[in-house]
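Taking it in order: structure first as structure tokens, then the write-up.
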Amino acid sequence: MDLDLSAAEPFRVEVRQWLRAHVPATPLPSLETAEGFAAHRAWERELHAARLSVVSWPEEYGGRNATPLEWLVFEEEYYAAGAPGRVSQNGVTLLAPTLFRYGTPEQLARVLPPMASGAEIWAQAWSEPGAGSDLASLRATATRTDGGWLLNGQKTWSSRAAFADRGFGPFRSDPEADRHRGLTYLMFPLDAEGVTRRPIGRLDGKPAFAELFFDDVFVPDQDVVGAPGEGWRVAMTTTGNERGLTLRSPGRFMAAADRLVELWRERGDPADTAMRDRVADVWIRARAYRLKGFETISRTDDIGAESSVNKVFWSELDVALHETALDLLGPDGELAGEWLEGYVFSLAGPIYAGTNEIQRDVIAERVLGLPRAGR
Amino acid sequence: MDLDLSAAEPFRVEVRQWLRAHVPATPLPSLETAEGFAAHRAWERELHAARLSVVSWPEEYGGRNATPLEWLVFEEEYYAAGAPGRVSQNGVTLLAPTLFRYGTPEQLARVLPPMASGAEIWAQAWSEPGAGSDLASLRATATRTDGGWLLNGQKTWSSRAAFADRGFGPFRSDPEADRHRGLTYLMFPLDAEGVTRRPIGRLDGKPAFAELFFDDVFVPDQDVVGAPGEGWRVAMTTTGNERGLTLRSPGRFMAAADRLVELWRERGDPADTAMRDRVADVWIRARAYRLKGFETISRTDDIGAESSVNKVFWSELDVALHETALDLLGPDGELAGEWLEGYVFSLAGPIYAGTNEIQRDVIAERVLGLPRAGR
Amino acid sequence: MRFILDAEQRLFAETLDKLLAEAATAAVAREWAAGGHEPGLALWRSLAGAGVLALAVPESAGGAGPLPVELVTAFHELGRHGVPGPYVETAAAAVMLGRLPESSPATAWLPAIADGTLVASLALPPAVPYALDADVAGLVLSVDGEELRVAGHGEARVSLDPARRLFSVTAGEVITSGAAAAEAYDMGALVCAAQLVGVGRRLLEVSVDHARTRRQFGRPIGEFQAVRHHLADALVGLEYARPLVYGAALSYGTPGFAADVSAAKASAAESAYTAARIALQVHGAIGYTDEYDPSLLIRKARALHTAWGSPAAHRARVMSALV
Amino acid sequence: MRFILDAEQRLFAETLDKLLAEAATAAVAREWAAGGHEPGLALWRSLAGAGVLALAVPESAGGAGPLPVELVTAFHELGRHGVPGPYVETAAAAVMLGRLPESSPATAWLPAIADGTLVASLALPPAVPYALDADVAGLVLSVDGEELRVAGHGEARVSLDPARRLFSVTAGEVITSGAAAAEAYDMGALVCAAQLVGVGRRLLEVSVDHARTRRQFGRPIGEFQAVRHHLADALVGLEYARPLVYGAALSYGTPGFAADVSAAKASAAESAYTAARIALQVHGAIGYTDEYDPSLLIRKARALHTAWGSPAAHRARVMSALV
């Protein structure tokens, strides 16, 4: 057992130097605005030019075959440098892993390079008004037609969809099959004929989502991921992945915790040991998450349902970290700014990608081996 | 709306003066020992002689018809004075309210006076090895016999039963009836032929409970409370009452919170605002419980299931209060003493008289009106 | 001793509840947030007509107060309905002004506050550094220690609660040196606590309704024990914050008032915020979405958590009184 | 980088687990609590035979260490099995003594510690004011700053954990002024953290077993979502305490060691105590009953929570290192 990170040290140095030279001196405008979205897309292009947009991908798609340790190191440096949020995140962390598992060579070659360069930004289109946590009750349909499928119905809370180029998600292709069957996983253009998007605001009013309405939207067969009717299984790969490390890398929380310590140094009352105790607590939790990340990539087995343990931990840590920052800011805590933006973002953590209640059920059943509750 | 306590002021003064003159200067030995049990029984006799053992009862049974406000004031003064724990508590707070509702005049006249004087100390005998929270699954039996009933089977976690005189609880009198039916509520002597008691230790090893084994124990008809077969309903009166204020009067927590503030003053580090914040938090919660008590006795309607709200609150407060004290004591927190004894006692709170999980279910269904969960 | 609302007080609460339910307050708050103050000011006048503002003004100045129990009763309803506007600030200012000698020129504002024609705001640095809705207020005060000044204001700052528009102030001439910031702070914290309990209570109500009707996995989510227990915990917290708020109101004018207010504000802030977090969890993405109404109160609960003194600051004040 | 136990380390843990499972440790602990030390001392010798004590002693003094990773691996198993005795104190003393110059007479105790023939205890006031099991120890030390003394002891005090018998010490002659209390404290806190994670882990294991088999309301209680979620939360806490413990072990000898140990101890204490409270709630009265085994570890988790520095004290030390 060791924690020897020296193998990734040259890479760390390269990344750090590049970031120091390239991270914008003033923060980009919020990526939940048209202007900010464009600025973040340009930043993705810049990262891609340095082969830093998708470091763990194969070189042929724009990556550099980085090891998992190098990927963790990249994330540490990236967030420590205060680099911009990743507008390409939905595609890179949700769709790409699914394609690596189920995609055809043609799909990989066609979809991944523009995803890596930011030329195509992807939006997740999963939830529906009646199906938030309960994906198996999806109702938007994909109907067979000549050479492809026609999409109809509605998706909502579609992250990034207000400004993105393309979307992906499961649609009901066989209305006769029972809940988990008869779904097909599809990719589609957001500017296609028949797609209407209505931006909707998240908790701070920023249009981080959209509602999508589909009216006979044509999708060719080449944009089905996995086999038709296998959409549930394909989607579960994505959620499995989403609950692991990739959605929330340790570097993100360690950087935020370090900034919280900095905030304490600047704005905290040194005599207020109650606040100091809370800062220490979240910093320790961020360190725990970082070390757990090294443990996770050291394992050779599939972490499977244990990814739910990660999801519960990071989402609660993220809320606690930002609550602490707001409380430290006192009357200024409610004012717009970096910490409030982070707080609003953190509040989504315990809800999305499977609520924490569902994650705890998964932990109980699949990690602890408790009997399945009677439904 | 007012908080004018002056109507109870003369009574408060009387109680305070009496307690100042009579509370033992050195604490009595633990009531979970034979010696301490006897000392606490003698103390009950002394309280009774001053008509202070059961202030809210009618005079004919040894009380003084105190108003609910006077009862709250009595409790405040009693615990503020550091007076001994009440060895008669199981009888007074659990059996007596049941008798007031379901008992015959003969039972009231026979049972209550010796209960008030401490001549007869009662033990609750409800739980069984297979039936803790789930009372409806009780299996110890009461079988009809000439002029009474024969008890057989086992009870456990019977509070006070290691040293008490008599016990009470529901027994299964009709094995054919379904779970909630066919129970009969009985009183029985603990020294009767056929009763075997085996003291068992609670978390600190003190024999605060016993296991009871019944082998054809005869109980005459006059010791059935309510109608045979109605034991579930009779028992639910007791638990309803138990979850209200009588089991844990506000005076108890306010006195403990005030002692915690005193401990903070004596042992706390004034620069440790983190600990100060925790002390303040539990003190405020004790004050809230005190004020809620005044609200409760101001109401004329039945608080019904809202008693579950009280149970959850006081039990969590009691644990938090004692955890804070132990943490304040640092390395001495694990050592035997008043605070550790209180901590051990507090840990039973979220478990007994219906676990807090069951209380939350009751709140959800009967206070908030949420649909009953599918069972 | 009768520590529950009497019949008249209950009727007052019900009257306000009905008035506010008919006023479509969520829409009023959204328009207020967007800079459209007319519906909010009309509601201000309606509430003044129902006597709400007069509760903070002494009889000698055309009011009916100060009546702290009735004030917290009213602010509980203002909170439940998410009413926008500087009500807390106006009440705090009125109570403070009402304690000046009648000869003081500053008392001249009181009759207009009582009848709803003068909207006030104030800043009390450091705990209350910004004046809420200063651009709407006809009177903006700044109090520092015993010095009361009329203040100007700068640009609006954006709060998490879009209906809370906060302004830096620039203090002007001293009006009087006889005012006590502590009087305004205590009353502001008290009615803010009542408002918070109302916010939490409404969030619990809408969450229970949602849990009864929203179906996932083939059943109402209110059948899931995790959801049931979350909601039970929200209720427990709020049920014990309320008596602290009324207990503090009843101690107005006694030496224990400041500490009682602090106990109430700390408890109200924690329990309302807990209710908000639970409401968000129970509503899921619906609670996280700007255009659905629960999000308005979820944001307000967080903003008011640190407004008028953080829970930790109020707990410290309780301990100062005890030790 | 391979931040998981290697095959040899896993085998070591499994060997200890097997040895301890066969030793009926709950009965040993009960007898230890009652003053019957023989089975506990026999187990001490077995564990020494398996190399546990030698891990804390340098090779130059007949040991194999210090090997912090192997030490925390061993102490995790000692915790899981609720083994009684001053293992933490002996390990802390051995590591501290091992850092004295070889010429120091105090190093003469080390070979006997390594082979299990000398049981040690120590006090490090103020955080560790009592010496655990001083009456059983052949060597009782007291360290204050740099001064190391041999100590006498008074009567046993009663701890919540009956297998923890604490003694006041009376410090005798100074043996050396070259010892550092900090060295003993850091190592003691580290292995105590490992022990706590083991205690919590076993409490989770037995609670899961209980939830699978205990039936109430006609079904295993593990089907109730409240129970399931409690147990899931216990797991989440423990899963993140473990890497902090191993991370601290790997930083032994670096400047960050003290802060890393503090992060580990704070997290281990909180998560083990949470697991204990959950175990008590899931077991109900069974967990509250002296004669059932879960109560032994429930009590130990609370006692160790503040032993070797409270979580708050350790968090303060983390912040001192950061700011």
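Each chain gets a letter, A, B and so on, in the order the sequences are listed, and its residues count up from 1. These numbers come from the heavy atoms of this one structure, side chains and all, not from hydrogens, waters or symmetry mates.
Here CG of B:D332 is found 11.0 Å from OG of D:S159. Values are rounded to the nearest 0.5 Å. Atom OG1 of residue D:T289 and atom CD1 of residue B:I200 lie 5.0 Å apart, to the nearest 0.5 angstrom.
D:F167 pairs by the side-chain contact (heavy atoms from CB on, under 4.5 Å) definition with D:A134, D:D135, D:H153, D:A156, D:R165, not counting sequence neighbours.
Minimum heavy-atom separation, D:R299 to B:G205: NH1-N, 4.2 Å. The shortest non-hydrogen separation linking B:P331 to D:P129 is CB-CD, 3.5 Å.
D:D290 contributes no side-chain N or O that, together with a main-chain N or O of B:L203, makes up a donor-acceptor pair within less than 3.5 Å. Within the 3.5 Å criterion, the main-chain N or O of B:V344 finds a donor-acceptor partner in the side chain of D:Y288. Side chain of D:Q216 to backbone of B:G130: a donor-acceptor contact under 3.5 angstrom is found.
Interface remark: D:P162 contributes no atoms to any contact with chain B (heavy atom separation under 4.5 Å). No part of B:P207 comes within reach of chain D, as not one of its non-hydrogen atoms sits under 4.5 angstrom from that chain. The contact between B:L347 and chain D is made by backbone and side chain atoms together, counting heavy-atom distances below 4.5 Å. Both the backbone and the side chain of D:S295 come within less than 4.5 Å of a heavy atom in chain B. Neither the backbone nor the side chain of D:A313 comes within contact range of chain B; no heavy atoms are under 4.5 Å apart. Heavy atoms of D:A312 lying under 4.5 Å from chain B are absent altogether.
Annotation: maximal heavy-atom pairing with chain D below 4.5 Å, among B:A274, B:A348, B:A136, occurs at B:A348. Note on D:R302, D:R157, D:R214: by heavy-atom pairs under 4.5 Å with chain B, the leading option is D:R302.
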> Could you walk me through whether D:H230 and B:E357 pass the side chain to side chain donor-acceptor pair (under 3.5 Å) check?
Replying inline: CA-CA 11 Å; D:H230 279 330; B:E357 286 71 30; 2.8 Å; yes
> Given the rule in the side chain to side chain contact (heavy atoms under 4.5 Å, CB included) test, do B:D134 and D:R215 qualify, once you have shown the distances and angles that lead to the verdict?
Replying inline: CA-CA 9 Å; B:D134 180 14; D:R215 294 177 74 87; over 6 Å; no
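Contact annotation: the side chain of B:I358 approaches that of D:F217 to within less than 4.5 Å [non-hydrogen atoms, C-beta and beyond].
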Could you give the side-chain donor-acceptor pairs of residues 316-323 of chain D under 3.5 Å, partners two or more places apart or in another chain?
from, atom 1, to, atom 2, distance (Å)
D:R317, NE, D:S262, OG, 2.7
D:R317, NH1, D:D186, OD1, 3.0
D:R317, NH2, D:D186, OD1, 2.8
D:R317, NH2, D:A258, O, 3.0
D:R317, NH2, D:S262, OG, 3.2
D:S320, OG, D:A316, O, 3.0

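Heavy-atom neighbours of chain B within the stretch residues 273-287 of chain D, taken at a separation under 4.5 angstrom, comprise D:Y273, D:R277, D:L280, D:Q281, D:G284, D:A285, D:I286, D:G287. For residues 321-329 of chain B, heavy-atom neighbours of chain D at less than 4.5 Å comprise B:E323, B:L326, B:D327, sorted by residue number.
With a 6.0 Å radius and a threshold of 12 heavy atoms from other residues, nucleotides or ligands, B:R181 has its CZ atom at or below the threshold. Heavy-atom contacts from other residues, nucleotides or ligands closer than 6.0 Å to CZ of B:R139 number 12 or fewer.
In summary, D:E291 and B:R198 engage in a salt bridge, as defined by a charged side-chain N under 4.0 Å from a carboxylate O.
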